[in-house]
Structures are given as C-alpha cells and as structure tokens.
Novice: 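Quick one: the structure is below, questions incoming.
Everything numeric here is computed off the predicted structure, so don't read it as measured data.
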Amino acid sequence: MKIKNFSRKTAAIMMAATMLTGGTSVFASGSESDYGNGTQPTPPTPAVETPSSVFNDTYGFTHLTRFDALKIASQQKESRYQVPQFDASTIRNIPSAKGKDTNGNTIDLDVWDTWPLQNADGTVANYNGYEVVFGLAGDPKVSSDTFIYLFYKKAGDQSLDAWKNAGRVFKDNDKMVPNDTILNNQSEEWSGSATMTKEGKVRLFYTNRQPWDVDKGFFGKQTLTTAQINVSEPSNGTLQINGVEDLKSIFDGDGKMYQTVDQAFRAGDYSDNHTLRDPHYVEDNGHKYLVFEANTGSETGYQGQSMFSNKAYYGGDDEFFKSEYQKVMNNPSRNYMTIANGALGIIELNNDYSLKKVMKPLIASNTVTDEIERANIFEKDGKWYLFTDTRGAKMFVDGVDAEDIYMLGYVADSIDGPYKPLNGSGLVLHQDLNKRDVTWNYAHFAIPQVKGNKVVITSYMTNRGFYTDHHSTFAPSFEVEINGSETKVVPNSILEQGQVTSN
C-alpha cells in the first residue's frame, strides 16, 4: 500500500504528489489544503439542472455512497470510533529493525505496513512456536527503498524487544524468473498478506511494483504476486530465510472488472491514481481467494463524467440525490472526482495459486475516493467481515479534511457479498492527528482472535523521514469489539507495540 511520486504535466491540470505518510505518497489537487471538499468553505453556487440521463446501476455489488460518506463525517467524533491516544514518550523504534544503506553502513530502518503470518481463517499462525510478521522496511532517507522483511518472536512473548529480524525476504536476483517479464522488471515490493498452508509452508502474497519511467514505458504498474518462503530454525530462538520457490505474477488487472495501468495512463495523461495492490489471502469451503485494492473497470462502473449521473453512487432518496448532485457539479475538485473509482476486488485462485477466475468487486467508492487500501477479510460467527483503510486527503466529502484517517468495515453473509456497512456508515476507526505527530498511525489491520468477539488492531506509527531519532515503527496495538453489524473500540485496551494476539 504505497504510491510513488509520479511525473506530472502541469500543475493546472495534474495532481501534485504530496508526501502524507511515511514512504506513502498521495495525490493532492495543488496542495494538501485544497484537495478534499471538506478542507475548504462551500461558497454559494448557481443551480445546476439535474441531467436527463440519470440512471441507477449498482453493477451487482456494494458501494461506499456519498450518503454513507457524509454519515461518516457526522459520526467520526464519537468515542467508539476513536483510535486511542498514545503516549509519545513510550514509543520506541523496533530494536531489531537494522539494515544497510547504499554504502553498506548499518542503519536503523523505517518499518511501516505489516501483516502477520495467518491461518486460512485469519487467526495468527503458530509457526513452530513463533509468531511471524512481514513488513515493508527501508532506509528512512530513501523513499524508494521499499522491500519486505521478516520479523519473528517466540509466541507468547509480547514485548517489543522480543521481535527479531530475519532480514529481507527476497534477494535482488530472485525476481529474474524465466518468462515472467512483469516480475523481471520489479523495482519495489509493496504490501500483501501471508498464510501458513496445510503442509506447514509459508506462502506470501505481495505487490510487485514496477518503476515509473515514462521514457522507458514504465508507469509504476502494480501486480499481485506470490511465492513460497522457505524458513528454517538453525538454532533455538532463531529463524532463517532459506530462499524462495514458485515466485510468480498472478494478476495485473483485466480492464473489464478492474482498471489496468494502460487504461489509467493512456494518451499520456498521468493524473490518475491507479491502484492494484495489497492482496489479502483467504479460503472459503476449499476455495482460495485474494481480496485486493483496485479501481473499477469498463464493465463495473468506470470513471468519467457519467459517474455523476448514477444515483447508485449517491445513496439516500431522490431529494438527497438532487441536492448532492448540485454540490458535486459545483465542486472545484469535480474534475478530479471523475477519476475517483476505488474498489476492493476479488479473484479466485487455483490450487497452485495461479489465477482461476476474475470476480466482480466487493466494494467500490466512485465519486467518493480513488483509494481504499489494505483489503482485510475474514469469517466470524457465520458472517464475512471486510475492512479497508482510507484517508480524508483522498476523499471528496463535506466534513472530511486532510488529517482524517479511517478504517472502514462491511459485513455479508457470503464472501462475495452483498456487503452492508458496519455501524450504518462503514466507519470503524477514526484518527485526526497532524502528520508530524510522533504518534500518528496508519495502515490499521484487524486480526481475528481464536476466541471471543474482539479483534486486535495493528498499525505503524510515525511518518517516514520526519525525524532523525524517531523512525516508522510498530504502533501499540489495541482491541475492537465486533457485535454483529456494530463495532466499538474497547476502552483501555492498548497493548504492546506490534502485539498481534491478545492475552
């Protein structure tokens, strides 16, 4: 879950890349202060005639509507949704997060998006007595130094000092797989998930990100990718990576269900925020699936001016549609809203983890935002729970500003939906901190536990490159309670930094 700074034509018609989170660049219209609709006053505007071509097409899946998004803005101050306030004086860099800079010097690494090795049901796997976490890490001074590392500790030891670092998962030449030109041109490794197979093997899913080099025909393409990671215990208390097997590309979009990079940047227009990343593995009745971040394709409600005439994207009643349509059409950011078509997609895999079937999106956010990240799904008590992260700086909604951070959630009776928003709007977590606050945190990830109705929320804390002494690190975890279609942050539930299971 990371988007790099891309080349732009001119400031008047292109989005500028703005560093909002550590190692994660996001697009803003000119600057952070004027990107979101909620960050600027709404002046009186002339009436706009409702179009005669109004239609109502859901394309057969759920939408984060403008009606829901406005409810999020009204709910977000309630205590049940607030990410806990953390004590900055207690936050430490991960002691074992060491690496090398380009000169071979040992340095402290930033560590941001992380995900545990999970069982097929989403609970944390016990790998021969260890808990394993994969995470993006790199040199705090080099934003493109973005690669996957393996951290581990003895199960049951919850201290930050217990985490050890097995180093980078992949060697530089691992990507040179014959007949996989997508993988051969990988420049960075982005977020994903990991599962322990029935055979006790470690299977990793991640995002292969290619470089951005227009002259060479590279546009930062993101591809869902997988590999078996061979791990051994050479001595008591130590895990070691012994290479990888079956490294291969899985999916880079089909154009119909999900936007491809060629669709996004055709005709030399680089203003779009194309996403196809964060693969999350899950199983259901013997079937293997990946749920991931994407954008809608040509047959699932593609971006463009016609989005504004689709009542399915608005929600609410006819009067709400008429009123909100007026606001949308007079919004100064309307041109950018035409490319807001974020989605959470799903594909089915064969037993060898290759692509079997492309399925319709589970959720889409046309006209609201182009980026709903970190797809996270699991079954609990006969219901499927789907979570995603997003940022106010990427949203076009009144009452939302650039500092708002959200985790949204949905529930369904089956893995392919239809999904309904949790808490009536989808809001599960909210945070509103200055990005330079040491306790600023993002990439919230819900981990189901073996027993009970609480999930552990992990995230990372502190933006990349803001301080010489503070690096991006495991944030303190905390708990959220799930009761059917309702959730709440559990009061006084702050856990240790990086903790993935509750006691």
Side-chain angles (χ1 to χ4, degrees), residues 56-65 68 118-123 192-193 195 205 224 226 250-260 275-302 310 312-313 315 341-366 368 372-390 407-423 425-426 428 445-446 448 455 482 484-485 487:
N56 191 346
D57 194 344
T58 67
Y59 301 97
F61 54 88
T62 303
H63 296 268
L64 167 55
T65 65
D68 288 342
Q118 295 173 288
N119 299 308
D121 64 358
T123 57
S193 61
T195 189
F205 302 88
L224 311 184
T226 188
I250 302 174
F251 184 64
D252 63 345
D254 66 332
K256 295 179 179 180
M257 296 294 180
Y258 305 104
Q259 183 188 55
T260 66
T275 70
L276 208 151
R277 56 182 184 252
D278 301 352
H280 185 97
Y281 179 82
V282 67
E283 294 183 9
D284 180 33
N285 294 321
H287 293 266
K288 297 176 169 63
Y289 299 96
L290 284 181
V291 178
F292 54 95
E293 176 188 1
N295 302 98
T296 55
S298 62
E299 297 182 1
T300 51
Y302 197 55
N310 189 353
Y313 299 154
N341 64 325
L344 295 183
I346 182 170
I347 56 175
E348 186 176 356
L349 304 179
N350 293 305
N351 286 332
D352 67 352
Y353 305 102
S354 62
L355 177 65
K356 180 177 182 180
K357 181 171 66 174
V358 180
M359 303 166 64
K360 284 185 178 181
L362 304 178
I363 302 284
S365 56
N366 297 66
V368 174
I372 43 180
E373 306 189 282
R374 297 217 83 188
N376 179 11
I377 187 171
F378 54 83
E379 185 181 18
K380 179 184 179 299
D381 298 331
K383 301 285 187 180
W384 285 92
Y385 289 90
L386 173 65
F387 297 92
T388 183
D389 297 331
T390 193
M407 172 185 270
L408 308 179
Y410 298 82
V411 61
D413 292 328
S414 62
I415 191 170
D416 56 353
Y419 282 85
K420 295 182 179 180
L422 293 171
N423 306 312
S425 67
V428 175
F445 190 89
V455 296
I482 300 177
S485 61
T487 70

Novice: If we only count heavy atoms from C-beta on, is the T226 to Y281 side-chain gap below 4.5 Å?
Specialist: no
Novice: What pair of heavy atoms forms the shortest contact from A412 to G417, and how long is it?
Specialist: CB-CA, 3.8 Å
Novice: For I346 and Y289, which heavy atoms make the closest approach, and how far apart are they?
Specialist: CD1-CD2, 3.9 Å
Novice: In this structure, are over 12 heavy atoms from other groups packed under 6.0 Å from K256 atom NZ?
Specialist: no
Novice: With rounding to the nearest 0.5 Å, note down the distance linking CG in D252 to CZ in R277.
Specialist: 15.0 Å
Novice: Is there a donor-acceptor pair under 3.5 Å between the side chain of N376 and the backbone N or O of A446?
Specialist: yes
Novice: Nearest 0.5 Å, please: how far is CD1 in I377 from OG1 in T388?
Specialist: 11.5 Å
Novice: For D57 and Y59, indicate whether the former's side chain and the latter's backbone hold a donor-acceptor pair under 3.5 Å.
Specialist: yes
Novice: Could you tell me whether a side-chain N or O of D68 sits under 3.5 Å from a main-chain N or O of P421, the two making a donor and an acceptor?
Specialist: no
Novice: Working note: T62 + K420, criterion side chain to side chain contact (heavy atoms under 4.5 Å, CB included); need CA distance, chi angles, decisive distance, verdict.
Specialist: CA-CA 7 Å; T62 303; K420 295 182 179 180; over 6 Å; no
Novice: Does the gap between the ring centers of F378 and F387 come in under 6.0 Å?
Specialist: yes
Novice: Between N310 (side chain only) and A312 (backbone N and O only), is there a donor and an acceptor less than 3.5 Å apart?
Specialist: yes
Novice: Compare all side-chain heavy atoms of L224 with those of I347 and state whether any distance is below 4.5 angstrom.
Specialist: yes
Novice: CG/L276 to CG/D254 distance, rounded to the nearest 0.5 angstrom?
Specialist: 9.0 Å
Novice: Less than 6.0 Å separating the ring centroids of F205 and F292?
Specialist: no
Novice: Taking all heavy atoms of G409 and all of V428, pick out the closest pair and write down the distance.
Specialist: N-CG2, 3.5 Å
Novice: Roughly how far, to the nearest 0.5 Å, is the OH atom of Y385 from the OG atom of S485?
Specialist: 7.5 Å
Novice: Could you tell me if the side chain of K383 sits less than 4.5 Å from the side chain of D413, heavy atoms only?
Specialist: yes
Novice: Do D284 and W384 have side-chain heavy atoms sitting under 4.5 Å apart?
Specialist: yes
Novice: State whether the side chain of D278 and the backbone N or O of G192 hold a donor-acceptor pair below 3.5 Å, judged by distance alone.
Specialist: no
Novice: Minimum heavy-atom separation for G253 to T260, with atom names?
Specialist: C-CG2, 3.7 Å
Novice: Salt-bridged, E299 to K360, with N to O below 4.0 Å?
Specialist: no
Novice: Looking only at non-hydrogen atoms, find the nearest pair between L64 and I363 and report the distance.
Specialist: N-CG2, 4.3 Å
Novice: Under a 4.5 Å cut-off applied to non-hydrogen side-chain atoms, are F61 and T300 in contact?
Specialist: yes
Novice: Between D416 and S414, do the side chains contain an N or O donor and an N or O acceptor separated by less than 3.5 Å?
Specialist: yes
Novice: About how many Å separate CE of M407 and CZ of F445, when rounded to the nearest 0.5 Å?
Specialist: 8.5 Å
Novice: Rounded at 0.5 Å granularity, tell me how far OH in Y313 sits from CG in N56.
Specialist: 10.5 Å
Novice: Are any non-hydrogen side-chain atoms of T58 and H63 less than 4.5 angstrom apart?
Specialist: yes
Novice: For a quick test of reading the model, state the closest non-hydrogen atom pair linking E293 to A375 and the distance between them.
Specialist: N-CB, 4.4 Å
Novice: Taking the side chain as every heavy atom from C-beta outward, state whether E379 and D121 have any pair of such atoms under 4.5 Å apart.
Specialist: no
Novice: Under the side chain to side chain contact (heavy atoms under 4.5 Å, CB included) rule, what do L386 and L344 come out as? Steps first, then yes or no, please.
Specialist: CA-CA 9 Å; L386 173 65; L344 295 183; 3.9 Å; yes
